[in-house]
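Notes to accompany the following structure.
Just so it is clear, the values below take in all heavy atoms, side chains as well, and ignore hydrogens, waters and symmetry mates.
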Amino acid sequence: MTTSTILLILLALVIAAGLSFYQYFYKNTNVSKLTWLLAGLRFIAVFGILLLLINPILRSKTFETIKTPLPIIVDNSSSIVDLKANATALELHEKLSSNKALKDKFEVQSYRFDSEFETATDFDFKGKQTNIEEVAKNLKSIYRNAVFPAILISDGNQTIGNDYVYGFDANTKVYPLVLGDTITFLDIKIGQLNVNKYAFHKNKFPVEVFLNYAGTKSVTANFKIAQGNSILNTQTVAFSPDKKSAILNVLLPANQVGLQIFKASITSNESEKNIYNNSKNFAVEVIDQKTNIAIVSEINHPDIGALKRAVETNSQRKVTILKPNEIKSLTDYNVLILYQPSSNFKSVFESNLLAKVNTFIITGTSTDFTTLNQYQNSLAFRMSGQREDYIGSFKSQFNLFALDDIGFEQFPPLQNAFGTITANSNVQVLLSSKIRNIETNAPLLAFTENQGQRTAFLLGENIWKWRMQSHIDTKSYEKFDVFADKIIQYLSSNNSRKSLVVNHESFYNSGDAIEISAQYFNKNYELDEKARLTISVTNKNTKQNKKYDLLRSSNAFKVNLDGLAAGQYQFTVKELNSNTTYNGYFEILDFDIEKQFVNPDLKKLQQLATLTQGTVYMPNQVDALIQSLVENSNYIAIEKAIVRKTPLIDWVWMLILIAITLGSEWFIRKYNGML
């Protein structure tokens, strides 16, 4: 307490005593025990009231030492084992984390990373991917605005993520400890192989191969692509100390329909430390037809280009842009996209009454809604000449096909004429519309099927803004393009609806996420949320069988099959209540990206250290690293004073005490006839 507070308390004692004396003792000749009792009660009440007004505070000061954080991050990926550096990594971590000088100066914390970043409890070096950029992101989040060093125990080989060199904060000096032998071994490898997932029967499909060489002498290698026992392409490639890479472009024939497995390999007469990276399997699904889509429009609009690019990301789709009078035969196309139809579209609508081509109708501010009302009865339009902006609201109960919410409500609004849109009972709504935050109870994106003909409606223009916003949010067009492809896939299929629909790829690479989703529909073609779905997966070679349950997600049932070994698999999805089954096939290609390295990426780690003003150290220099950190005057502990203020009195109990004393005084005076 301060001196002024103490003086105020003494003054309160004097005032309380003075008031009690004046009332009960001043000019009172008959002083008794009762007088002393009443004076005491008055003294306590007055003194309590004055204490509440003064509110004396007790202050206590303690000191806390805050050390600079020192994260020790260990690479937990399987490439550390392949480089025979796992024992070294454990030894380095133990030496650093248990060093007394470091622990006295720093707040030492251990972490590990592969594709994820987490606090270290142990290290098993079984990670299937390496993402050093994830380390940078997490350190920024954990130690926000702090200045600290970081020790990175890694080989520097990253398999996923953005370039980690530029990911670390400027306030963080990174000290890489390099794992693996830095001596350059002769190595020829297939660095990357690019090929489309799909090809068309009796066509040729391109394969792009990137070859890399590490060595100090000139060598000649033989490259070939084979399918089974048949060699489809062979080339000779020369490397030298000045020529360390080569790009090969090969055209392969698509002679057989179905999933085709190929193997690219490169060999030489030289001895290599790692031959696992000399070959790479890849697969192509050969299909016998292509979906032809016509975008019919009278006007030029950015939506048309955005739709064309989104749909054609799937190589099975071919988009042609036409005017209404340029269509010769509707039977040449599998899907019609009618963009803002006007009265000039009457010939197209009338021709399609016979052709029955599935249609995607997109409206906007240039649409003739009278013509639309004349040639379809799924939606009834009563529109004005005013324009309005509509926001999409995702309907999770939509069940025509599996689709996740890609952030529709955060997308820019679509523009359409203002009015009333009434849907019949056969229309399924994927997106309903809102004006600002007010629900209109009208569809924005809807689907219908009538006598085998399918129609989709998008009631608003400027969908190109959705594609751009999706790219801004995710750094990729993929989510929007998948959304567009799902719509086209639904429209391009004329098959009757099945009760059990299963979505899966025909092939996966080892290490990829293997997810299979399924939907089960009841007799009314409504998604049955009470369905019980299981999957039985059998390896065709080993006959090993595994069973899993499919778990319910927002609008589908899903199962994750990560961890399966490379090979060919047959599977059966079964709904237990109805015994409905779906049989399928997929193949996992043998490819382990963590086995592609023979050396640490010393150059990258040096760039990282230089950019963050740190230093690269080898394992035998760990003592020098410890000494450097201990002697670095930039990292000193901070002594922080903590002042705690505690009220001397509890005002609740003091009020109770004051009430009791005043009440007691009043009753005693009343009882003794002193009032």
Side-chain angles (χ1 to χ4, degrees), residues 295 297-307 310-311 337-342 345 359-373 375-398 400-401 403-448 455-473 477 479-484 486-488 490-491 555:
I295 298 180
S297 175
E298 276 191 313
I299 63 175
N300 294 321
H301 197 282
D303 283 354
I304 297 172
L307 286 169
V311 172
I337 300 178
L338 305 183
Y339 188 80
Q340 303 213 37
S342 65
F345 279 66
T359 308
F360 186 12
I361 298 174
I362 302 175
T363 69
T365 57
S366 301
T367 303
D368 182 352
F369 291 98
T370 303
T371 301
L372 271 184
N373 285 330
Y375 287 99
Q376 59 81 38
N377 55 14
S378 298
L379 298 177
F381 298 95
R382 296 179 61 189
M383 315 302 283
S384 68
Q386 296 180 338
R387 299 182 178 185
E388 187 55 80
D389 292 335
Y390 296 92
I391 299 172
S393 178
F394 182 74
K395 298 296 184 183
S396 59
Q397 66 270 25
F398 179 81
L400 289 181
F401 50 85
L403 184 70
D404 295 326
D405 186 357
I406 61 173
F408 294 105
E409 291 198 32
Q410 283 70 49
F411 287 166
L414 300 183
Q415 196 169 71
N416 200 26
F418 179 76
T420 303
I421 303 172
T422 306
N424 67 24
S425 59
N426 195 33
V427 173
Q428 297 245 15
V429 178
L430 174 59
L431 298 176
S432 63
S433 66
K434 296 194 298 185
I435 299 176
R436 296 173 182 87
N437 289 323
I438 302 173
E439 292 282 354
T440 65
N441 297 319
L444 185 69
L445 177 60
F447 300 83
T448 184
T455 306
F457 295 89
L458 177 64
L459 307 178
E461 62 181 78
N462 295 329
I463 196 174
W464 68 271
K465 294 182 180 180
W466 285 15
R467 191 169 189 259
M468 295 303 298
Q469 187 64 47
S470 179
H471 185 274
I472 291 171
D473 294 341
Y477 293 113
K479 285 190 175 182
F480 179 88
D481 293 348
V482 169
F483 159 67
K486 290 274 190 178
I487 296 174
I488 298 301
Y490 170 78
L491 293 174
N555 60 347

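The stretch residues 417-442 participates, sequence neighbours left out, in no ring-ring contact (aromatic ring centres under 6.0 Å, His included) pair at all. Residue pairs that meet the ring-ring contact (aromatic ring centres under 6.0 Å, His included) test with at least one member in residues 429-448, sequence neighbours left out, are Phe398-Phe447, Phe401-Phe447, Phe447-Tyr490.
Taking the ring-ring contact (aromatic ring centres under 6.0 Å, His included) definition, one finds that Phe483 meets it with Phe408, Phe480, sequence neighbours left out. Residues passing the side chain to side chain donor-acceptor pair (under 3.5 Å) test with Thr455: none are found, sequence neighbours excluded. Legend: residues meeting salt bridge (Lys or Arg N to Asp or Glu O under 4.0 Å) with Asp404, ordered by chain and number and at least two apart, are Lys558. Qualifying salt bridge (Lys or Arg N to Asp or Glu O under 4.0 Å) partners for Glu409, counting only residues two or more places apart in sequence or in other chains: Lys434. Take Gln397 and apply the side chain to side chain contact (heavy atoms under 4.5 Å, CB included) test, not counting sequence neighbours, and it matches Lys395. Judged as a ring-ring contact (aromatic ring centres under 6.0 Å, His included), and not counting sequence neighbours, the contacts of Tyr339 are His301. Residues satisfying the side chain to side chain contact (heavy atoms under 4.5 Å, CB included) test with Val482, not counting sequence neighbours, are Glu478, Lys486. With sequence neighbours left out, Thr370 forms a side chain to side chain contact (heavy atoms under 4.5 Å, CB included) with Asp368. In this structure Gln410 satisfies the side chain to side chain contact (heavy atoms under 4.5 Å, CB included) test with no other residue, sequence neighbours excluded. With sequence neighbours excluded, the residues satisfying side chain to side chain donor-acceptor pair (under 3.5 Å) with Asn426 are Thr448.
Of all heavy-atom pairs between Phe360 and Phe457, the closest is CE1-C, 4.2 Å. Listed here is the closest heavy atom pair of Asn377 and Asn424: O-ND2, 3.4 Å. The two residues Val429 and Pro443 make their nearest non-hydrogen contact at CG2-CB, 3.9 Å. Of all the heavy atoms in Ser393 and Glu439, the pair that sits closest is OG-OE2, 3.8 Å. Shortest non-hydrogen contact noted between Arg436 and Ile391 is O-CD1, 3.6 Å.
With hydrogens and angles disregarded, no donor-acceptor distance shorter than 3.5 Å links the side chain of Asn373 to the backbone of Ala380. Formation of a donor-acceptor pair under 3.5 Å by the Gln376 side chain with backbone atoms of Leu372 is found in this model. Here the side chain of Thr367 pairs no donor or acceptor atom with the backbone of Phe369 at under 3.5 angstrom. The backbone N or O of Leu414 lies less than 3.5 Å from no partner atom in the side chain of Asn462, so there is not a single donor-acceptor pair. Side chain of Ser433 to main chain of Ala442: a donor-acceptor pair is present (N/O by atom type, distance under 3.5 Å, no hydrogens or angles). The closest donor-acceptor contact from the side chain of Asp405 to the backbone of Phe394 lies at 3.5 Å or more, if one exists at all.
Here the straight-line distance linking atom CD of Glu461 with atom CZ of Arg387 works out to 7.0 Å at 0.5 Å rounding.
Looking only at atom types and distance, the side chain of Glu298 has no donor-acceptor partner in the side chain of Gln340 under 3.5 Å away. Side-chain contact check for Thr365 and Gln415: no donor-acceptor pair (N or O, by modelled atom type) lies under 3.5 Å.
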Checklist entry - Stepwise, does the side chain to side chain contact (heavy atoms under 4.5 Å, CB included) test hold for Ile487 with Leu403? => result CA-CA 10 Å; Ile487 296 174; Leu403 184 70; over 6 Å; no
